[in-house]
Number of protein chains: 2
Amino acid sequence: MTDYYLKNSKFYVAVDCIIFGLNNGELSILLTKRRFEPEKGKWSLMGGFVGENESVDEAAQRVLTDLTGLTNVYMEQLGAFGAIDRDPGERVVSVAYYALINFDELDRRAVEEHDARWIGINEIPQLGFDHPLMISKALKALRERFTTSPIVFNLLPKLFTLSQLQSLCEAILGEEIDKRNFRKRVTDLKCIQPTEFIDKSSSKRGARLHRFSDTTYQLDHKFKI
Amino acid sequence: MTDYYLKNSKFYVAVDCIIFGLNNGELSILLTKRRFEPEKGKWSLMGGFVGENESVDEAAQRVLTDLTGLTNVYMEQLGAFGAIDRDPGERVVSVAYYALINFDELDRRAVEEHDARWIGINEIPQLGFDHPLMISKALKALRERFTTSPIVFNLLPKLFTLSQLQSLCEAILGEEIDKRNFRKRVTDLKCIQPTEFIDKSSSKRGARLHRFSDTTYQLDHKFKI
DNA sequence: TCAAAAGTGTTCAGGGTACACCCATGG
DNA sequence: CCATGGGTGTACCCTGAACACTTTTGA
């Protein structure tokens, strides 16, 4: 029985996280400056190696928590990246994940300790490894998923204005959305609910704060933005 | 630099293939009876270990070619499966792929030599490992993709009748489709073209054979079934 | 009083859905 | 001549897209 395995090779298995967040209203990802070879000094995604006593998913959670201080984060697997020379140092198979985090709950100290920075998705520098490919796949997956699944709310504070929601959707899509059509769609959804609160930080008139009700969403699982 | 890697663990990395084909008009997948421990004697997906001199994608291609004799097959990665105990024998991280093959071009001898059999997607027996999970994810991915991307033609012969196409779509969806609406959609697509040939094997009247034109599809990349 | 963001409805076109009958032919 | 699968058109509804002005209020 052991023979069945022994004739085969073993590999390092890594995880890489594409962490999306709203930094001052701008859709951004969290990048770190690598402190080790290979690719030392280059910007890169946050990653780590899978350990023997954790699943690959758990490794990704661990890396994310280590960097952000957050647990229970929305995270989805993007896929495995297994080109022979994707890591110039050693043969490493990497499994990429993307995560959507609420910027306000972030542990900023943990971020600073890792030399990490939020960088707008339109200002991403040259990255090492196959990270540019991972990021473009993550953006594609995010674009495809967010219109039919209520995941954008992971990026927003619990209370948000419709303008905030719209500009976030526009940032993800990379194009503008008609305001009246957007608000009609959104206010027709039972799972997006107005609250009694008004936010006056972004306009003199003030904008009504809304919230996403997951329990309402669970009733029919209908969502379309 | 080597230190960066050395403190970490290595893993076996495997690939598993969910191979879809149309067996006598029934959407089926190719399963083999395992000849080795662990899970010996159980039905399972065709898989194999990744070698040092091939990418993960190449390993999947190799496994597929070995079993079917086919190259240049439509194949897409489903994702990595990395639970600690997913393989009862050893820690193995597996990357799953699904493939759509043309049943007529299959090398039946290669299939027999691997103790493999086509099994309808509604008659799948108990499988070992996490293969049931992989199959359900593959079906979900196939269902989501085939309506907007012209991939079903990989399952059909080069010339096919609209009835064949419709019953294939129904098998993938798991529900019936209105004949007139389906034919309207399909015949409006420029990339699905009638030919001069008539197939008389399935009816007395005979049905017109159509073909998918990829060059026409490339013109506008529009497709909706 | 004015600048800046919030909020609000209607019209129209096109796509999706529901639906039932005749055709051609081999046996 | 009949059983079997092949082939065809219309009416309605609903969704998605285009489009511009009024309101509120702090400075």
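Bear in mind the structure is a predicted one, so any value in this text is a computation, not a measurement. Reminder, nothing fancy here: chain letters follow the sequence lines and each chain counts from 1.
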Taking the side chain from [X] and the backbone from [Y], do they hold a donor-acceptor pair closer than 3.5 Å?
X	Y	value
B/Q164	B/T161	yes
A/Q77	B/A80	yes
A/H210	A/R208	yes

Please work out if B/S163 contacts a base, only the sugar-phosphate, or nothing of the nucleic acid, heavy-atom cut-off 4.0 Å. sugar-phosphate
Give A/R208 one of three labels, base, sugar-phosphate or nothing, depending on what nucleic acid heavy atoms sit under 4.0 Å from its own. sugar-phosphate
Please name the residue in the list B/L22, B/L30, B/N24 that meets the side chain to side chain contact (heavy atoms under 4.5 Å, CB included) test with B/W118. B/L30
Ring centroids only, cut at 6.0 angstrom: are B/F160 and B/F153 within range, meaning strictly under it? yes
Protein-proximity profile, nucleotides 18-27 of chain D, B/S/- by nucleotide at the 4.0 Å heavy-atom cutoff, equals BBB--BBBB-
Separation of [X] atom [atom1] from [N] atom [atom2], in whole Å?
X	N	atom1	atom2	result
B/I177	D/dG6	CD1	C1'	17 Å
B/Q164	D/dG5	CD	P	14 Å
B/F182	D/dG6	CZ	P	12 Å
B/L162	D/dT8	CG	C1'	12 Å
A/K224	D/dC14	NZ	C1'	15 Å
B/Q166	D/dG5	CD	P	14 Å

For residues 169-186 of chain B, which residue pairs pass the salt bridge (Lys or Arg N to Asp or Glu O under 4.0 Å) check, not counting sequence neighbours? none
What distance separates B/N102 CG from B/L70 CG, expressed to the nearest 0.5 Å?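 Going from the CG atom of B/N102 to the CG atom of B/L70 covers 8.0 Å.
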Working to the nearest 0.5 angstrom, can you tell me the gap between B/I198 CD1 and B/E196 CD?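 Atom-to-atom, B/I198:CD1 and B/E196:CD are 9.5 Å apart.
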Provide the start and end nucleotides, 5' to 3', of the part of DNA chain C that has atoms under 4.0 Å from heavy atoms of chain A. C/dA5 to C/dT10
What's the shortest heavy-atom distance between A/S94 and A/M134, and which atoms?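 Heavy-atom minimum between the residues: OG-CE, 3.8 Å.
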